[in-house]
There are 2 protein chains.
Amino acid sequence: MIIEHKSISLAEQVFDRLETDILSGKYQPGEVLTELKLVGDLGVSRTPIREALRRLEQEHIIEMTPRGILILGVSQKDLEDILEIRTRIEGLAAYMAAQNITDEQLEELRETVELQEFYVPKHDADRINVMDSKFHLLIYRFSGSVPLYDTLMPLHKKVLKYRRASVENEVRSAYSSQEHRAIFEAIAAHDAPLAEKYMMEHIANAKDYIQKKGNH
Amino acid sequence: MIIEHKSISLAEQVFDRLETDILSGKYQPGEVLTELKLVGDLGVSRTPIREALRRLEQEHIIEMTPRGILILGVSQKDLEDILEIRTRIEGLAAYMAAQNITDEQLEELRETVELQEFYVPKHDADRINVMDSKFHLLIYRFSGSVPLYDTLMPLHKKVLKYRRASVENEVRSAYSSQEHRAIFEAIAAHDAPLAEKYMMEHIANAKDYIQKKGNH
DNA sequence: TGTAGTATAATTGTATACATTCATACAAAG
DNA sequence: CTTTGTATGAATGTATACAATTATACTACA
């Protein structure tokens, strides 16, 4: 087997690093950075940093101002809107995946579901989180639609900080895993409408849980 | 009244220019450009050009390769997927706009609808196109949701080349104008579910028209 | 004649130098 | 004491210089 060693540019690495740091909450909304500070922190020149910043600005998670880089992050209102949007189109991804998925892809999806089921009773939040996230990302990919993938991916990533909380709750975590199983079975049966229905319910449930939590 | 003279950076201008040129079909899919060629064409250095290219790459309408900039554009398959996605979430934008729109914003939307109605019988395709596009963009904005705006905007822009064809057809153009009127009236009445229903039908109709045209 | 190796030139990737902008503070005038 | 003008410096915006990569063509060898 040939391993492709695609060398990732610094600009790309910086983008991934900053995006994660912002969406995970390491940099807080309202905080102001400077390019010079990032040069010191990341050890690369301003050029790749700026290329990354432009992309982050396009995603509306930072704003480049004359005084520095303003961290915007994801607000509670943003989060609600994002889950409302995902409720409507992530079902479409499940629908298309049910139509287009190959046997090989199906096995990859099955393994992800089963690993999540394996970690849930062990309360291994980190690994549950990885599998939970991977399940959704695989469905985006297996939908076979680049525009749908491109649309869902940034929305998915922006829920990072809040998804973590769901995964740490034992009750929600168990339900979530069951919902993934139901979606998987529908996709495996190539029952597109059912896969869509289950996925829409799954996102709606996640939305309800996060909102309930937000209103303490 | 204070006029804000926000000076737009070269990077931003280059992005807008290249995006339009690619999505309008001036650069054809498969074509390969180089940064040096763009330096000559646009009269700016590589730095702002590269910042723009990174954003275009993120939108998947170009690909930066070691041999140059590969133009991807928007395929027929992409277009179908995009309209399927828009069918599902542009209704949400209309729904939210019906809830959140102010009287002042309502007048701006009304003027857009009425100007479109004014130009349709005159067969002024350019101006019809501008108003048609503006109608949708205003609703994105008046929805009051930044994530929804950010999600819909790139999808809307990618239909540019194909929307033009719809506008030039007298029958579809007249229907489209009527559909905008119906959506507007529902929003004006703050009837969110109705606004959503009409918008979904409107996008579905546009999709049907474009697909019928594509299958000649 | 075919194939593997290698030189090369064109292109992107990165770093740095220079230009411009703009918030801030401070001083002067009313 | 308020307000307006202006100097200043820190930051982004832009241009250019340098490094690394890679497809291509050519050469040498089997």
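In this structure, A:Thr47 reaches the bases: a heavy-atom distance under 4.0 Å links it to at least one base atom across the strands shown.
For D:dG13, the OP1/OP2 oxygens have a side-chain nitrogen or oxygen of A:Arg50 closer than 4.0 Å. For the pair B:Ser45 and D:dA15, the criterion of a side-chain N or O lying under 4.0 Å from OP1 or OP2 is met.
By the 30° and 60° cut-offs, the orientation of the rings of A:His180 relative to A:Phe135 is parallel. The aromatic rings of B:Tyr140 and B:Tyr149 lie perpendicular to each other, with more than 60° between the two planes, well past the 30° mark.
The nucleotide whose nearest atom lies closest to any side-chain atom of A:Pro48 is, among C:dT14, D:dT12, C:dT12, C:dT14. In this structure, of D:dT14, D:dA11, C:dT14, it is D:dT14 that holds the atom nearest to the side chain of A:Arg46.
The base of D:dA11 lies outside donor-acceptor range of the side chain of A:Thr34, with no N or O pair under 3.5 Å.
For residues 53-68 of chain B, proximity to DNA chain D is found at B:Pro66, B:Arg67, defined as any non-hydrogen atom under 4.0 angstrom from a strand atom.
Using a 4.0 Å cut-off between charged side-chain N and carboxylate O, B:Glu80 and B:Lys77 make no salt bridge.
By the salt bridge (Lys or Arg N to Asp or Glu O under 4.0 Å) test, A:Glu31 is found to be paired with no residue, residues two or more places apart in sequence or in another chain being considered.
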Represent DNA chain D in dot-bracket notation, 5' to 3'. Only Watson-Crick or G-U wobble pairs with both distances under 3.5 Å count; pseudoknot-style crossings use [ ] and interstrand partners use |. ||||||||||||||||||||||||||||||
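The number of heavy atoms from other shown groups lying within 6.0 Å of CD (B:Glu104) does not exceed 12. In the displayed structure, A:His60 atom NE2 is contacted under 6.0 Å by at most 12 heavy atoms of other residues, nucleotides or ligands. The local environment of CD in B:Glu111 is sparse, with at most 12 non-hydrogen atoms from other residues, nucleotides or ligands closer than 6.0 Å. The local environment of OH in B:Tyr198 is sparse, with at most 12 non-hydrogen atoms from other residues, nucleotides or ligands closer than 6.0 Å.
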